[in-house]
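Each remark here refers to the structure printed beneath this line.
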Amino acid sequence: MFTALQRLRLAFARPALPPATSPSFAAAARHPALLVAGVSLWLAVFGNLPLWLKLAQLPEISGLRGWGFGLAFAMLVAAGNALVFGLLAWGWLLKPVLVVALLAGASGAYFMASYGIVIDTPMLVNVLQTDPSEATDLLNWRMAVALLLLAGPPLWWLLTRPVRSLGPWRHLGHSLALCSAALLLAVGSVLLVFQDFASVMRNHTQLRYLINPLNSLYAVLDLAAQPLRMDTRTLAPVGRDAQRGPSYSASASASTAPPLVLLVVGETARAANFALNGYTRPTTPRLSARTDLLNAPDAWACGTSTAASLPCMFSHLGREDYQKRQSNAENLLDVLQHAGLGVLWIDNQSGCKGLCDRVGEINTRTLNDAQWCSGGDCQDPIMLRDLASHLQTLPAEQRAHATVVVLHQMGSHGPAYARRSLPTQKQFQPECQTNALQQCSREQVLNAYDNSILATDAFLDQAIEWLKTHAADRPTALLYVSDHGESLGENNLYLHGLPYAIAPDVQKHVPWIAWLSPALQQRAGLDAACLQRDWAQRRLSHDHYFHSVLGLLDIRTSAYQRTLDAFAPCQSATLPR
Ligand SMILES: [Zn+2]
């Protein structure tokens with residue numbers, strides 16, 4: 001009996017036994033080029049079903065011309081696969097490379113077809129930064145069946161065929177011949193339909209992210225080449241000149257107690273589903289009932305995924321400059337710390353993406369709370385449990401100036417939306433209970449998602465109440481901004497992470513809400529009524545985040561830009577800036 005490992009070893013092993021001279025072996029053994037060609041063709045046809053479906057929907061290519069175009073495109077993709085596999089699949093690497101290509105191709109096809117996502121570099125970064133809990137959220141039977149159908153037959157064919165041994169020089173010659181033939185086929189296919197090809201690729205740039213699995217390979221190479229484009233080793237200093245403003249001196253401020261600010265970083269909350277922003281369902285009953293809330297209904301994210309948005313949101317650079325940055329740099333939390341403030345990051349999700357590396361951090365998973373946590377995830381209110389004692393872990397000297405706490409929510413993290421609300425918060429029924437969103441009706445998906453917004457509404461309300469009761473004697477504030485939005489089945493798109501240029505607005509339009517205690521309004525010279533009016537018609541974005549927090553806390557630094565401070569237009573002119 002072979003163990004599974006032995007079978008695997010045999011499947012990948014070089015064809016040493018039986019000897020290549022054995023007639024039966026020679027008859028059964030396959031030429032390496034045949035395996036490369038077979039896998040390339042299979043992936044071009046079946047691994048690219050999302051691409052073919054997308055092409056079929058394009059109005060400009062239809063009928064016989066459309067079929068011809070599709071056929072030429074498929075030949076191009078197959079030739080591209082063969083060219084790349086032919087270059088990579090050498091000697092004993094042949095089968096491992098083809099196996100990885102099949103698995104990458106099948107899973108890429110499944111996710112693209114199921115959620116309408118595409119595979120690009122930011123998506124790869126998200127995959128690499130995911131944790132076991134997030135990954136498990138995506139697993140389901142549909143996925144297992146899809147992978148079995150898409151990768152099973154070619155894997156069986158590949159792993160049960162012995163490979164003909166050619167010797168290094170003959171192998172090199174045959175590989176070069178295969179790659180040349182593939183190149184010729186690719187060029188020939190494009191030339192056959194050049195006009196259509198040029199216009200389709202120009203008008204529908206998202207198609208190139210669907211070419212599978214070369215899209216994954218491109219993303220891997222693009223990410224690997226990042227150190228060539230920017231200095232990834234150094235961390236540029238930012239705001240080392242940061243100082244606390246005049247409001248920190250006792251004489252300037254009516255309240256001498258140090259401010260406490262909660263920065264709630266939302267997850268996957270889209271502005272469109274907040275009743276506060278005009279959504280027809282009552283998803284924010286507690287926040288809507290407040291008269292002391294500031295709401296910016298026209299706020300926009302820097303990216304369409306956590307990994308893309310978070311670092312950009314906390315950066316002093318705006319979205320465009322952040323994309324063009326030459327090196328990584330210190331962020332908002334570092335600047336606050338340079339100014340002598342106490343900074344704590346409490347994480348109820350997959351980590352702070354490097355933002356909290358130099359400040360205090362608490363991960364809720366280490367708290368082992370039976371009331372709020374189950375199955376590896378915790379409900380967001382756990383971040384308020386023991387918050388007062390967590391604050392005490394910061395240096396007393398810093399706390400004497402001011403404290404900033406980031407609460408990184410689990411929020412509406414998909415696709416398991418139903419797990420993001422408590423049983424008492426499931427007001428919208430019936431809910432989609434599975435993570436295979438396509439199995440649910442759109443109404444069920446919306447219900448589960450809207451219940452998660454209800455949970456966030458309750459959490460934010462609770463956090464404001466926490467400030468009112470636990471820090472009644474201090475100037476306090478809460479600023480809530482989500483990292484990105486979400487697609488909930490509109491145009492068959494689910495989740496988020498589409499390239500910014502082609503992502504629908506629902507993935508980029510985010511809620512932006514603030515609550516300021518009267519003591520903080522007075523200390524910062526802010527007119528809340530003015531802010532309510534101003535934000536109602538101002539377009540804000542993550543570009544404003546860094547500068548608004550510094551402005552709110554009266555931190556003076558050359559890195560601060562008043563024009564990007566969302567609070568500045570309603571700040572009393574009598575305060576020195
Ligand atoms: Zn996110």
Side-chain angles (χ1 to χ4, degrees), residues 238-265 294 296 313-316 330-346 355-356 358-360 387 391 394-407 463-464 467 471 473-481 512-528 531 535 540 542-572 574-577:
V238 174
R240 291 288 176 97
D241 59 348
Q243 303 271 342
R244 297 180 301 281
S247 62
Y248 287 84
S249 61
S251 57
S253 176
S255 166
T256 52
L260 171 61
V261 172
L262 300 183
L263 300 177
V264 182
V265 176
L294 308 173
M313 189 173 168
F314 281 77
S315 158
H316 65 297
E330 291 179 338
N331 63 68
L332 172 63
L333 305 182
D334 295 303
V335 180
L336 294 171
Q337 198 160 252
H338 295 331
L341 273 56
V343 183
L344 179 66
W345 181 291
I346 301 184
L355 293 172
C356 62
R358 294 160 298 280
V359 301
L387 178 55
L391 294 181
L394 293 170
E397 191 192 327
Q398 294 179 346
R399 279 188 283 125
H401 298 140
T403 304
V404 177
V405 183
V406 181
L407 302 176
I464 294 170
L467 286 174
D473 54 336
R474 302 173 66 171
T476 55
L478 177 146
L479 178 61
Y480 164 73
V481 183
W512 175 304
I513 293 163
W515 174 86
L516 313 176
S517 72
L520 191 122
Q521 290 175 36
Q522 192 194 15
R523 184 186 161 105
L526 290 171
D527 179 345
L531 281 168
W535 283 12
L540 294 178
H542 282 169
D543 288 10
H544 292 86
Y545 194 75
F546 176 95
H547 308 279
S548 304
V549 174
L550 291 184
L552 187 66
L553 281 152
D554 191 20
I555 300 301
R556 310 294 170 98
T557 158
S558 54
Y560 167 80
Q561 288 182 54
R562 192 170 166 80
T563 50
L564 291 173
D565 178 349
F567 295 101
C570 294
Q571 196 154 40
S572 154
T574 56
L575 280 184
R577 297 301 303 176

Is any side-chain heavy atom of L520 closer than 4.5 Å to a side-chain heavy atom of W515? no

What one should report as the nearest heavy-atom pair of A568 and R562 is O-NH2, 3.6 Å

So, do V549 and V261 sit near enough that their side-chain heavy atoms are less than 4.5 Å apart? no

Under a 4.5 Å cut-off applied to non-hydrogen side-chain atoms, are L263 and L479 in contact? yes

With distance as the sole criterion, is a donor-acceptor pair present between the side chains of D565 and Y560 under 3.5 Å? yes

D554 side chain vs S247 backbone, donor-acceptor pair below 3.5 Å: yes

A side-chain contact here means heavy atoms from C-beta on lying under 4.5 Å apart; do P258 and T403 qualify? no

On the 0 to 90° scale, with breaks at 30° and 60°, tag the W512-W535 ring pair as parallel, tilted or perpendicular. perpendicular

Between the side chain of H544 and the main-chain N/O of A566, is any donor-acceptor distance below 3.5 Å? no

Please answer whether the main-chain N or O of Q561 pairs with a side-chain N or O of H547 as donor and acceptor at a distance below 3.5 Å. yes

What distance do D241 atom CG and R556 atom CZ have between them, rounded to the nearest 0.5 Å? 12.5 Å

Please determine whether side-chain contact (heavy atoms from CB on, under 4.5 Å) holds for the pair V404 and L332, giving the CA-CA distance in whole Å, both sets of side-chain angles, and the decisive distance to 0.1 Å. CA-CA 11 Å; V404 177; L332 172 63; over 6 Å; no

Decide yes or no for L516 and L531: does some side-chain heavy atom of the first lie under 4.5 Å from some side-chain heavy atom of the second? yes

Between D473 and A257, the two heavy atoms sitting closest are O-CB, 3.2 Å

Least distance between heavy atoms, Y248 atom then L553 atom: OH-O, 2.6 Å

Distance from S548 atom OG to H542 atom NE2, nearest 0.5 Å? 11.0 Å

Walk me through whether L526 and L552 qualify under side-chain contact (heavy atoms from CB on, under 4.5 Å). CA-CA 9 Å; L526 290 171; L552 187 66; 3.8 Å; yes

Gap between atom CD of Q521 and atom CG of D527 - 0.5 Å precision: 8.0 Å

Working to the nearest 0.5 angstrom, can you tell me the gap between H401 NE2 and I555 CD1? 10.0 Å

Verify, without hydrogens or angle tests, whether Q571 (side chain) and G525 (backbone) share a donor-acceptor contact under 3.5 angstrom. no

List the atom of R399, the atom of L394, and the distance in Å for their closest heavy-atom pair. NE-O, 3.0 Å

Spacing of I346 atom CD1 and C356 atom SG [to the nearest 0.5 Å]: 11.0 Å

Is any side-chain heavy atom of Q337 closer than 4.5 Å to a side-chain heavy atom of Q398? yes

With a 4.5 Å limit on heavy-atom distance, are the side chains of L341 and R244 in contact? yes

What's the shortest heavy-atom distance between P475 and R523, and which atoms? CG-CD, 3.9 Å

So L407 and Y480, do their side chains get closer than 4.5 Å, heavy atoms only? no

Indicate yes or no for a side-chain donor-acceptor contact from R358 to the backbone of D334 under 3.5 Å, with no hydrogens or angles considered. no

When rounded to the nearest 0.5 Å, the distance separating CG of N331 from CG of L355 is 5.0 Å

Closest heavy-atom pair and its distance - A242, T557: CA-CB, 3.8 Å

